[in-house]
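Note that the structure is predicted; figures quoted are calculated from it, not measured.
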Amino acid sequence: MLAPLQTGAARFSSYLLSRARKVLGSHLFSPCGVPEFCSISTRKLAAHSFGASMAAMMSFPPQRYHYFLVLDFEATCDKPQIHPQEIIEFPILKLNGRTMEIESTFHMYVQPVVHPQLTPFCTELTGIIQAMVDGQPSLQQVLELLQEVRPARLPHCSLPLDASCLSGVQRLRWRVDEWMAKEGLLDPNVKSIFVTCGDWDLKVMLPGQCQYLGLPVADYFKQWINLKKAYSFAMGCWPKNGLLDMNKGLSLQHIGRPHSGIDDCKNIANIMKTLAYRGFIFKQTSKPF
């Protein structure tokens with residue numbers, strides 16, 4: 001039995017080495033390109049990085065998605081509630097599904113058009129002041145797809161399109177879709193899904209405002225993971241107070257200000273990482289539109 005066990009161990013070591021090369025890059029396995037010129041500290045750093053990355057790979061179970069796109073809108077509001085509500089903060093964190101670390105951030109403030117003046121209640125709740133949304137693109141400008149900016153309309157531009165040759169409004173149309181494309185998230189071979197704290201963001205807020213403005217909703221916004229449902233599946237209880245209850249249930253410190261979109265995204269990412277460490281596999285919770 002000894003020989004088969006040794007063979008199995010060798011194969012497993014080879015597999016781990018291959019995974020580590022992808023994570024760390026080949027330079028850590030042949031530092032500086034010329035080993036005799038490498039310092040001892042460089043080799044120690046490489047060994048430490050190797051160990052840390054190996055531990056990370058062994059700590060997480062394989063997830064179903066390459067990336068999780070953590071999203072949390074903030075919108076105009078008042079008491080009594082105003083209608084229609086309009087998105088005023090649009091943050092997305094790109095979370096690596098293998099390491100559960102944040103790789104990239106999309107973050108914009110958005111100018112409301114129906115109720116352009118923020119109410120005192122809205123500012124107190126979200127921390128967003130009027131100056132932060134004045135002069136920012138509208139939701140329509142944020143969402144308009146790059147594909148709509150055709151070369152025929154831009155005769156002075158060469159392909160591939162360069163943002164420097166676009167006018168101000170045309171550049172605004174690049175926003176979300178351009179970021180998604182730049183991050184490789186529109187590649188059909190890359191599996192990604194949005195994650196929200198509840199269903200409101202992508203089931204109510206975005207479709208409702210898009211319907212009001214006569215805008216289409218991109219397909220990638222039509223499926224998501226409701227973190228509250230995921231947490232309840234993992235922990236066996238419903239987080240009535242959302243992020244506050246989830247952080248408390250996992251003994252996590254709350255990050256930043258409640259009802260700040262970007263801070264809420266950071267809390268969602270931290271909760272997801274903690275649940276993943278505990279072996280939870282995230283699955284889509286939304287139903288098809």
Side-chain angles (χ1 to χ4, degrees), residues 68-95 100-143 172 175-176 179-180 194-210 212-213 221 224-228 230-231 239-274:
F68 298 103
L69 305 178
V70 180
L71 177 150
D72 190 271
F73 295 137
E74 297 303 325
T76 53
C77 53
D78 202 0
K79 282 191 173 182
Q81 189 60 273
I82 57 176
H83 297 283
Q85 284 187 274
E86 299 172 86
I87 294 168
I88 55 175
E89 186 180 5
F90 201 131
I92 306 172
L93 299 182
K94 178 187 176 188
L95 199 65
M100 302 305 284
E101 297 292 341
I102 298 169
E103 288 193 352
S104 183
T105 302
F106 176 92
H107 187 210
M108 292 192 67
Y109 291 101
V110 185
Q111 171 74 61
V113 294
V114 181
H115 302 287
Q117 292 297 313
L118 303 183
T119 64
F121 174 84
C122 183
T123 294
E124 182 179 353
L125 180 69
T126 66
I128 299 172
I129 63 174
Q130 191 66 41
M132 295 166 72
V133 298
D134 283 346
Q136 296 300 315
S138 66
L139 182 68
Q140 180 171 358
Q141 292 166 331
V142 171
L143 290 178
L172 292 172
R175 301 296 187 177
V176 176
W179 180 79
M180 296 280 287
F194 279 93
V195 183
T196 58
C197 184
D199 291 321
W200 175 83
D201 299 83
L202 294 178
K203 186 176 182 179
V204 178
M205 187 62 239
L206 183 64
Q209 190 174 355
C210 285
Y212 184 88
L213 296 172
F221 286 126
W224 65 88
I225 295 169
N226 177 343
L227 184 63
K228 291 181 181 179
Y231 178 90
K240 184 178 179 180
N241 295 311
L243 293 176
L244 295 177
D245 281 357
M246 287 186 274
N247 276 327
K248 183 178 180 180
L250 295 170
S251 300
L252 299 174
Q253 186 71 32
H254 192 87
I255 300 171
R257 174 196 174 102
H259 300 295
S260 159
I262 190 65
D263 287 346
D264 284 352
C265 285
K266 292 174 183 177
N267 281 285
I268 292 171
N270 200 29
I271 291 165
M272 291 184 69
K273 184 176 182 178
T274 303

Work out which heavy atom in [X] is nearest to a heavy atom in [Y]; give both atom names and the distance.
X: R257; Y: D263; value: N-OD2, 2.9 Å
X: Y212; Y: V114; value: CE2-CG2, 3.5 Å
X: Q111; Y: D134; value: OE1-CA, 3.2 Å
X: S138; Y: V113; value: CB-CG1, 4.1 Å
X: P137; Y: Y109; value: CD-O, 4.1 Å
X: C197; Y: K228; value: SG-CE, 3.8 Å

Kindly indicate whether the side chain of [X], heavy atoms from C-beta on, has any atom under 4.5 Å from the side chain of [Y].
X: L71; Y: F221; answer: yes
X: P258; Y: L243; answer: no
X: I88; Y: C122; answer: yes
X: Q136; Y: Q141; answer: no
X: L143; Y: L206; answer: yes

Would the distance check show the side chain of [X] and the main-chain N or O of [Y] forming a donor-acceptor pair, the cut-off being under 3.5 Å?
X: D201; Y: F73; value: yes
X: N267; Y: H254; value: no
X: Q130; Y: L118; value: yes
X: E124; Y: F121; value: no
X: E86; Y: H115; value: yes
X: Q81; Y: D78; value: yes
X: T123; Y: I128; value: yes

Checklist entry - Can you list the steps and then say if L93 with I268 is a side-chain contact (heavy atoms from CB on, under 4.5 Å)? => result CA-CA 10 Å; L93 299 182; I268 292 171; over 6 Å; no
Hey, could you give me the [atom1]/[atom2] distance between [X] and [Y], rounded to the nearest 0.5 Å?
X: N247; Y: Q253; atom1: CG; atom2: CD; value: 8.5 Å
X: D72; Y: W200; atom1: CG; atom2: CH2; value: 8.0 Å
X: L252; Y: T274; atom1: CG; atom2: OG1; value: 4.0 Å
X: M205; Y: I87; atom1: CE; atom2: CD1; value: 5.0 Å
X: I255; Y: N270; atom1: CD1; atom2: CG; value: 4.5 Å
X: I271; Y: M246; atom1: CD1; atom2: CE; value: 4.5 Å

Next on the checklist: Tell me whether the rings of F106 and W179 are parallel (<30°), tilted (30 to 60°) or perpendicular (>60°).
Outcome noted: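 F106 and W179: tilted rings.
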Item to check | side-chain contact (heavy atoms from CB on, under 4.5 Å) assessment of M180 paired with L69 | outcome: CA-CA 10 Å; M180 296 280 287; L69 305 178; 4.0 Å; yes
Next on the checklist: Do H107 and E89 pair up side chain to side chain, a donor and an acceptor below 3.5 Å, judged on atom types alone?
Outcome noted: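 Short answer, yes.
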Item to check | Worked check of side-chain contact (heavy atoms from CB on, under 4.5 Å) between E74 and D264 | outcome: CA-CA 10 Å; E74 297 303 325; D264 284 352; 3.6 Å; yes
Checklist entry - So K94 and I102, side-chain contact (heavy atoms from CB on, under 4.5 Å) or not? Walk me through it. => result CA-CA 6 Å; K94 178 187 176 188; I102 298 169; over 6 Å; no
